[in-house]
Amino acid sequence: EWGDNAAIDTIGEQVTKDPDPQLRLLATQLLCASPNPRVGKILERAVGHADGKVRVAAFQGLFKPLQPDLGPIDLALK
């Protein structure tokens, strides 16, 4: 499974170690899509990355949890 801790750590390493900027960005985007709680710390470090695209993607990924799904609350209030 790609979302387990080992996979998240491996993808996180690619953000800093891969020489290809497109693969670094892809790794960051994959982390942003994961619900794994380990992702937060990796994205926090990626906000300081030298690659601007990685920084922006990491920053956006950190805000993802702040956009809650209000659907269940809406249903409960009906």
Side-chain angles (χ1 to χ4, degrees):
E1 186 175 331
W2 81 269
D4 65 359
N5 290 344
I8 293 300
D9 292 342
T10 300
I11 295 170
E13 288 176 11
Q14 298 312 306
V15 173
T16 57
K17 293 183 179 178
D18 201 296
D20 185 333
Q22 290 179 321
L23 290 179
R24 289 193 305 261
L25 179 59
L26 178 60
T28 306
Q29 292 167 337
L30 288 172
L31 291 172
C32 292
S34 173
N36 190 309
R38 293 175 83 101
V39 167
K41 292 292 182 190
I42 298 169
L43 292 177
E44 286 174 8
R45 289 192 303 269
V47 168
H49 197 280
D51 185 332
K53 291 181 181 180
V54 169
R55 283 195 311 268
V56 169
F59 190 75
Q60 290 172 337
L62 286 170
F63 278 99
K64 181 182 69 168
L66 299 177
Q67 300 169 357
D69 178 12
L70 298 177
I73 294 171
D74 185 45
L75 288 173
L77 294 174
K78 287 184 180 180

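The figures here come from the full heavy-atom set of this structure, side chains too, leaving out hydrogens, waters and symmetry mates. All values reported here derive from a predicted model rather than from experimental measurement.
- Shown here are the salt bridge (Lys or Arg N to Asp or Glu O under 4.0 Å) partners of Lys53, two or more places apart in sequence or in another chain: there are none.
- Taking hydrophobic clusters as Ile, Leu, Val, Met, Phe, Trp and Tyr residues chained together by side-chain heavy-atom distances below 4.5 Å, Leu26 shares a cluster with Ile8.
- The minimum heavy-atom distance linking Ala46 with Ala58 is given by the pair CB-CB, 3.6 Å.
- Summarising the geometry of Thr16 relative to His49, their closest heavy-atom pair is CA-NE2, 4.2 Å, with the distance given to 0.1 Å.
- Rounding to the nearest 0.5 angstrom, the gap separating the CD atom in Gln14 from the OG1 atom in Thr28 is 10.5 Å.
- In this structure, Arg38 and Asp9 have side chains that are in contact, with non-hydrogen atoms separated by less than 4.5 Å.
- Asp51 pairs by the side chain to side chain donor-acceptor pair (under 3.5 Å) definition with Arg24, not counting sequence neighbours.
- When each of Ile11, Asp4, Ile42, Asn5 is checked for a side chain to side chain contact (heavy atoms under 4.5 Å, CB included) with Asn36, only Asn5 meets the rule.
- Taking Arg45 as the reference, nothing meets the side chain to side chain donor-acceptor pair (under 3.5 Å) condition, with sequence neighbours excluded.
- Under the 4.5 Å side-chain criterion, counting only non-hydrogen atoms from C-beta, Gln29 is in contact with Leu25.
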